[in-house]
Amino acid sequence: MHNASQVAVAAALVLLSAGVVRAQSAGAANLERVEVVGRKTEVSQWFRAESPHFIVYSDTREEDVAPLLDNLEKLDRLLRAYTQPAGASVPQASKLTLYYHASPSGLRAFPGSVPVDAIGLYNSCADGVQGFGVHLERITALDDEQLEKAPLNDSLTYVFEAYARHFLSRHTDIRAPAWFVDGFAQYFSSVRFSTQQTAVGRVPRDVAGYLRFLGSGRRYHLEWEDVLAHRLGNAHGHGGEAGARLEFQAKSWLLTHYALSSDDNRKRLSRYLRLVGDGASPIVAFERAFGMTIADLGPLMWRYGLRGLQVVRGAPQSVPTAPISFHALTRGTGEFMLADAALRSCPDRRAGEALLKEVTALSARFPDDRLGQLAWSRAQIDWGDPQAALARLEAAWRDDDTDFEARYLAGRAQLSLAGRAEGEARQVHLLAARQHLQRARALNPRSAEVALAWFKAEVAAADTPDEAALQDVIAVWQTARDVNALTRFAALAYAFTGKGDDAYEALGSLAQNAQAPAMAQWAQQWQRRLETGVIRGDLLAEMRRTEVADTPVQEWTVNKRRVLQKVELGAGLEDAGPFLKGQQDPQNQAPGRSPAGDVGVRR
């Protein structure tokens, strides 16, 4: 068995030449503004912007978010062109929610530790998928002649890197090898768009800086087999762990650029991804697919980097301009904004209970704010009293039966209460949960969160899951492969309906996900069980299990400019060592060999 979706992506990379880009530039966005009626002091600095594929909450300015969304829509179309065969239908997915902060300090509101120099995050879990980015500089429009020459805008580079990386996990089953996932993200971080053209293949600024650093004779710390196998643990070079990560990203970018540079190479890449998907080691798969030994790879990459890296231009087809709407938010909604996002990130108990206290205090200040009522209810369901949340939620959905969030959370509350009850009381709660969640599904059929909750309620209530419930969780998973819990249930649903190969393939993406080791171990175990045969009773029992580990998957983006500065500083201090030692020992001042060593000499 093999991972068919991974093979499909690989085949698409073969079918598309680097110069054929179906994604197209939209012109100036169609803008629509919705104002809040009331005094200026009642309006938050936060606002909401929406385009066909994204919802953005930001405390910057509308003129900062409009070009961001316009460029993200173009990038989304470009990535679909690179990863999907021509003419393939694309299932409609729910819009991705992004929080675009005015400064990096905004990321500190996220629960848990934040890496040094963090500049962005994607968080995926059963309660939702959210992205967080930082506005670093204004985004300006480019003319055709500027696409290959204008300095790369930091705001776009980091947002593009994060979205390209997450795109693979959301729309494909590729979770390995790590070098390709990271190289793919770096490769598309430098894409730039004008009104009529697209430029693909530019060197990201700090990747170029690190490659120049190595080219100046500095010691490197990762062999190419370390890059292919993602072995960073033993690399202790300039800049510490972050420096090793930057070297890995720079070399991954170079290797990805090479792999996408010609039709022949894309065919080899296709075979390589297929072999890795089938379980081959990244090193063995590379040698087989590309027809070279690892010893040959270093000299090849050196020559490839020297000869000048091609930037590919595309003349995209004309498409309608992406509409963007802006909505002003009330002051209360702005106060609840980041706490609500944190509650949707599947925090641990300590953080969850702290968030419950925070939103309870805010609710006393803004008792009538809709987002506040929903955030407080969510916190009560997860970390407090679900019964207390029900009264407030019932008032909300009775007042507005199209309130999707109120219906969804009411279903969640009833499902939580069912888990604490027995006998007839349990059945009453399950029936109410199913009714609320079915209504929520009708209001938002693309929601992964609703699909998960409804499937859990259906499995808990019925002796045999309804066919519609099984097909629904599979259909929603096909548009949201980045949610591990949804992938788990989709795999079990496939197996329950007798589609063992599809179940095995769905499990494959979990089994290769190094960011969720507990879930990966579970998937590997179930792959082995499928190989020997599983009865439906065991599958149903597994669907009803609630203690399966489902920790959030976090994809952090780090400011590479600062990391590169630390790398260069570390190298400078190393260079200064012999001089300083000589100053202390006047008898030992004879000139010697540079501590940087020979080009390509590994520490």
Side-chain angles (χ1 to χ4, degrees), residues 1-11 126 168-169 171-178 180-181 228-230 270-289 451-452 455-456 458-459 463-465 467 469-478 480-551 553:
M1 295 182 179
H2 57 259
N3 191 323
S5 296
Q6 187 156 348
V7 174
V9 171
L168 280 182
S169 63
H171 295 287
T172 81
D173 289 339
I174 294 179
R175 304 294 181 270
F180 178 72
V181 174
L228 290 174
H230 196 217
S270 172
R271 186 177 181 221
Y272 173 73
L273 293 176
R274 184 164 56 247
L275 289 169
V276 172
D278 284 341
S281 85
I283 294 175
V284 171
F286 189 88
E287 291 185 330
R288 288 174 59 187
L452 269 172
F455 188 74
K456 291 177 181 178
E458 290 293 307
V459 167
D463 292 335
T464 302
E467 178 71 18
L470 295 167
Q471 295 304 322
D472 182 73
V473 76
I474 291 171
V476 176
W477 165 73
Q478 289 173 341
R481 296 169 185 260
D482 48 344
V483 181
N484 285 342
L486 192 60
T487 306
R488 171 177 174 255
F489 282 118
L492 294 171
Y494 270 132
F496 196 85
T497 55
K499 299 177 180 178
D501 285 351
D502 291 329
Y504 196 94
E505 291 160 6
L507 290 169
S509 64
L510 290 179
Q512 292 188 356
N513 194 340
Q515 292 180 298
M519 188 67 82
Q521 183 179 18
W522 174 89
Q524 291 162 9
Q525 292 171 349
W526 273 88
Q527 282 185 317
R528 291 193 292 270
R529 292 189 66 176
L530 287 179
E531 289 171 349
T532 59
V534 182
I535 63 173
R536 298 183 88 195
D538 289 346
L539 291 167
L540 183 56
E542 185 63 28
M543 291 177 191
R544 289 174 172 163
R545 275 213 311 142
T546 58
E547 67 273 18
V548 176
D550 180 30
T551 55
V553 172

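On a predicted model such as this, the values are computed, not experimentally measured, just so you know. Numbers here simply count residues along the sequence, with the first being 1. Side-chain atoms are counted along with the backbone in the values below, which use heavy atoms only and exclude waters and symmetry mates.
Shown here for Leu228 and Tyr272, the closest heavy-atom pair between the two residues is CD2-OH, 4.2 Å. Taking each heavy atom of Val473 and Ala493 in turn, the nearest pair found is CG1-CB, 3.8 Å. Closest of all the heavy-atom pairs between Gly277 and Gln512 is CA-NE2, 3.6 Å. Closest approach of Arg544 and Asp463 over heavy atoms only: NH2-O, 3.7 Å. Among all heavy-atom pairs drawn from Gln527 and Ala511, the shortest one is OE1-CB, 3.8 Å. Minimum interatomic distance between Ser509 and Ala506 (heavy atoms only, all atoms of both residues): OG-O, 3.1 Å.
Contact annotation: the side chain of Leu530 approaches that of Leu507 to within less than 4.5 Å [non-hydrogen atoms, C-beta and beyond]. Within the 4.5 Å cutoff, no side-chain heavy atoms of Asp482 are placed close to those of Val553. Residues Asp472 and Phe455 fail the side-chain proximity criterion, which asks for heavy atoms closer than 4.5 Å. Side chains of Arg481 and Ser169 form no contact here, defined as non-hydrogen atoms less than 4.5 Å apart. Lys456 has its side chain out of reach of Thr546: every pair of non-hydrogen atoms, C-beta onward, lies at least 4.5 Å apart. The side-chain heavy atoms of Met543 and Leu470, taken from C-beta on, include a pair separated by under 4.5 Å. Between Phe286 and Ser281 the shortest side-chain heavy-atom distance does not fall below 4.5 Å. Side-chain contact between Pro282 and Phe180 is absent, with no heavy atoms from C-beta onward closer than 4.5 Å.
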Quiz: residues 514-522 side-chain donor-acceptor pairs under 3.5 angstrom, not counting sequence neighbours:
residue: Gln515; atom: NE2; partner: Gln554; partner atom: O; Å: 3.1
residue: Trp522; atom: NE1; partner: Glu542; partner atom: OE2; Å: 2.8

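Take Glu458 and apply the side chain to side chain contact (heavy atoms under 4.5 Å, CB included) test, not counting sequence neighbours, and it matches Arg434, Trp454, Asp466, Ala469.
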Side chain to side chain contact (heavy atoms under 4.5 Å, CB included) evaluation trace for Thr497 with Gln471: CA-CA 9 Å; Thr497 55; Gln471 295 304 322; 4.2 Å; yes
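Going from atom CD of Glu531 over to atom CH2 of Trp526 covers 13.0 Å, rounded to the nearest 0.5 Å. Taken to the nearest 0.5 Å, the CG atom of Leu486 stands 4.5 Å off from the CG atom of Leu452. Rounding to the nearest 0.5 Å gives a distance of 5.5 Å between CG of Asn484 and CG of Asn513. If you take CD1 on Ile474 and CZ on Phe496, they are separated by 11.5 Å, rounding to the nearest 0.5 Å. To the nearest 0.5 Å, atoms CZ (Arg528) and OG1 (Thr532) are separated by 10.0 Å.
Judged by distance alone, with hydrogens and angles left aside, the side-chain atoms of Arg271 form a donor-acceptor pair with the main-chain N or O of Arg288 at under 3.5 Å.
For the pairing with Tyr494, the side-chain contact (heavy atoms from CB on, under 4.5 Å) check across Trp477, Phe489, Tyr504 returns one residue only, Trp477.
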